[in-house]
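Note sheet for the following structure.
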Amino acid sequence: MSNTQHATPAERAAWLAAELNRHLHAYHVLDAPTIPDAEYDKLFGELQSIEAAHPELQAPDSPTLRVGAPPLDDFASVTHAVPMLSLNNGFNDEDIENFDRRVREGLDAVQLVEYATEAKFDGLAINLRYEDGVFVQAATRGDGYTGEDVTANIRTIKGIPLRLIGDAPPVLEVRGEVLMFKADFAALNARQRELGQKEFVNPRNAAAGALRQLDSRITAQRKLSFYAYGIGELSGAELPATHSALLDWYAELGLPVCAEREVVRGKDGLLGYYERIGKARPALPYEIDGVVYKTNRFEDQRALGFVSRAPRFALAHKFPAEEALTTVQAIEVQVGRTGAITPVARLAPVFVGGVTVTNATLHNEDEVRRKDVRVGDTVIVRRAGDVIPEVLSVVLEKRPAPEPLMWALPSECPVCGSHVVREADEAVARCSGGLFCSAQRKEAIRHFCGRRMMDIEGLGDRYIDNLVECKLVAGVADLYRLTLDDLLKMKRLADEREGTTPETAAQGKVPTKWAENLLDAIAAAKNPPLERLLFALGIRHVGESTAKTLADWLGKLDLIRKAPVAVLRVLPDIGGTVAESIADFFAEERNQQALDALLAAGVAPKGERAPKAALREKLETVALLAAIGIPKLTEPRARQLAEQVEQVKPGATLLALAHLPVFNVFGLPANVAEALDEWMREPANRDSLVALHELREELLAQLPEVAEAEGAMTGKTFVLTGTLPTMSRDQAQAMIEAAGGKVSGSVSKKTSYVVAGAEAGSKLAKAEELGVAILDEAGLLALLGG
DNA sequence: GCACCTCGAGTTCC
DNA sequence: CTCGAGGTGC
């Protein structure tokens, strides 16, 4: 065989590549080696030397590509054509029964439902993209919508074919798990030990570490494996009818698939499989953290669809989390950004669920009471959802002899000494010190610098801590005034404080590169998009999404910072609590000053714009009047009132109201009129009406003129569901709004059109039920275009 | 008024 | 990841 004669190097190289790939597949996928390692190495060496002499002969699936490529600077990001979503979890028989019941109900099934079952690998989800059968790209799951390009690293995994066997479709995205076998993990750690390097804590971390290498030559030295279990984009081929057929097809294409997969029926089938795998688990060559159930027929999967981010047709049945015993050495409290006082148990280090745990949150006062955790207690610890350590319960028999006192919430903040207060119906207690409290100040600065906020790289906890302690930074604006000297001074004091004088400093040399880099990073973070600046300010109840709403609707910081509650409240997803929180924040003189200081330091949000055109209808007097929060003045009452005043003073309803002497002339029920009277007796309230009127005028003046013709879709409501083939949700929404239509979240009788993409879920079913018109992407484009 | 969903906040470890 | 709370639709 290997002495087959080939006329040209090209022919020889092609033959070698094919031959080597055949052996790799036999060895790594079929687990049936076909030639001795030495023979393989000889052929491999020959191919390498041919390719060295004729680089153009290196095929895209050449096994020599698997040795790794020169290091990358950074991973590029990849947008998934079909999102990689997560699964809902089940932990006990009841969860599984409920799952099966919901599936049967969703499908109107009269018989037992057929499920495909498989092991749930404890590794990392990866999307492999094959074009015309050739491996072209691999991406991590990331947030499900965008991941990192790890093509070079994945190419080194021998079990992953670089070219699929037989007839492959033009585009096939294979979803699966990258993991490290227990044996390979043990061998890796033995080697690390020999080399005196740090050992990996578990196979999953070792696999994750290998995949995150920018230098794929290092990845090539770590033995990783892969199993395929799902599908992303597919074009030019028919999707098999069932999940089990898909995996059979994968096996034919040369992809590794789980050997423990089965097809079962009904909940008893599921539970039986769970038990079998549980028994087989210790003997499996890889770690698994449960099993996965999916309705076998893709048609059923489509019918069941998704709830928010997880499919209704699949469930991960997790094995019970590993538990361990340890002792509580102390219960301390932490002070969060909002002043939240959180008790934390300091634990004697214990190895559980693959990592060593030393801390576990106790959440709040009630939780400590409920579990009655005391210092010195022996407790059962586990990693909830296999991530966050959790104190399950106390082993009362092991409580020390003189019973330790029950833990009590401190009445003063341990950091600043301010009173700790707990609102009547809230679970959290808070330090009342506000920014006077250095813990809250530090957390506020930390939040400000965070990646999803201002994204100041290199400003970690330790530096923030020291900058605040050294009084170099009191508020976020101070960051922009820091000088090289300040940073060096901070570092010197910090080293003293922590008693760690680095050798270089002792030698009289002061490294400054890090400080220069940090100053650059701070200076570079002056022009975030408006929503990120808003998020960074740390206003209570304003997270990423609410910040985006504010930026989208009001467009400019100077409008947002003076917007009254009523205006905020008419915005989508902003109700009374959130609106008040925002208005309160900006009503605080200190916050306004801090914001001015930021602007003075050169911080300027980019992309400020005019308020959204659709704000016009939100600013209708009736809506505003109802949003003010006048007691008893509900929307219909507000309408009644506004319509009558409008007739007297067209266009100036709010202003007119502010000057009206009496309110019992509008046919309002007596108690409503009385409440209104009462409210109007307060001059400040009348003033706020005037202010609201003025701001409304200002906003209206800034609104972009809506084209006279208005969109063809004015008054139509759209609902988007599923993944559209070429447009993102945002793009589709923008197009619809540009045409004057509205996009809403749920289907009702009022919905004009449902735009359904791939994997459309319950909304599509609902639309069919209600007889709402359904469009695909092409239909939408036709409608908007025509 | 209730049920459902989404968002915010806090947390752990590598 | 999970909990709690806020918002919205029915």
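Quick note on labels: first sequence line is chain A, next is B, and so on, each numbered from 1. When reading the values below, keep in mind they use all heavy atoms of this one structure, side chains included, and skip hydrogens, waters and symmetry mates.
One atom, CZ of R382(A), and another, C1' of dT11(B), lie 16 Å apart when rounded to the nearest Å. One can place CD of E580(A) at 10 Å from P of dG7(C), the figure rounded to the nearest angstrom. Taking atom CZ of residue F200(A) and atom P of nucleotide dC14(B), one finds them 13 Å apart after rounding to whole Å. Rounded to whole Å, atom C1' of dG7(C) lies 12 Å from atom NE2 of H541(A). We find that CD1 of I582(A) is positioned 15 Å from P of dC7(B), with the value rounded to whole Å. If you measure from atom CG of N364(A) to atom C1' of dG10(B), you get 11 Å, rounded to the nearest angstrom. Computed from coordinates, the R452(A) CZ to dA9(B) C1' distance equals 11 Å when rounded to whole Å. Taking atom CD on E423(A) and atom P on dG6(C), their separation rounds to 11 Å, with Å as the unit.
Here dG7(C) is the nucleotide among dG10(B), dG8(B), dG7(C) with the atom lying nearest to any side-chain atom of T577(A). Nearest to the side-chain atoms of T342(A) among the listed nucleotides dG10(B), dG8(B), dA9(B) stands dG10(B). Nearest nucleotide to the side chain of V201(A), out of dT8(C), dC14(B), dA5(C): dC14(B). Side-chain atoms of V355(A) lie closest to dC14(B) of the nucleotides dC14(B), dG8(B), dT12(B).
Residue contacts for V357(A): at a heavy-atom cut-off of 4.0 Å it reaches the sugar-phosphate backbone alone, with no base atom in range. Note on G209(A): nothing from the nucleic acid sits closer than 4.0 angstrom, heavy atoms only.
Between dT6(B) and S545(A), no contact under 4.0 Å exists linking OP1 or OP2 to a side-chain N or O. Distances shorter than 4.0 Å separate some side-chain N or O of T358(A) from OP1 or OP2 on dC13(B). OP1 or OP2 of dG10(B) has not a single side-chain nitrogen or oxygen of Q334(A) nearer than 4.0 Å. The shortest distance between the side-chain N/O atoms of T338(A) and the OP1/OP2 oxygens of dG10(B) is below 4.0 Å. Residue N359(A) has a polar side-chain atom (N or O) positioned under 4.0 Å from OP1 or OP2 of dC13(B). Between R337(A) and the phosphate of dA9(B), there is a side-chain N or O to OP1/OP2 separation shorter than 4.0 Å.
A salt bridge links E332(A) with R346(A): the closest approach of a Lys/Arg side-chain nitrogen to an acidic carboxylate oxygen falls below 4.0 angstrom. By the 4.0 Å N-to-carboxylate-O rule, R383(A) lies too far from E390(A) to be salt-bridged with it. Salt bridge present: E148(A) and R212(A) bring a charged side-chain N and a carboxylate O closer than 4.0 Å.
Applying the side-chain hydrogen bond (donor to acceptor under 3.5 Å, both in side chains) rule to K371(A) yields the partners E367(A); only residues at least two apart in sequence or on another chain are considered.
Remark: aromatic rings of F121(A) and Y286(A) are close, center separation under 6.0 Å.
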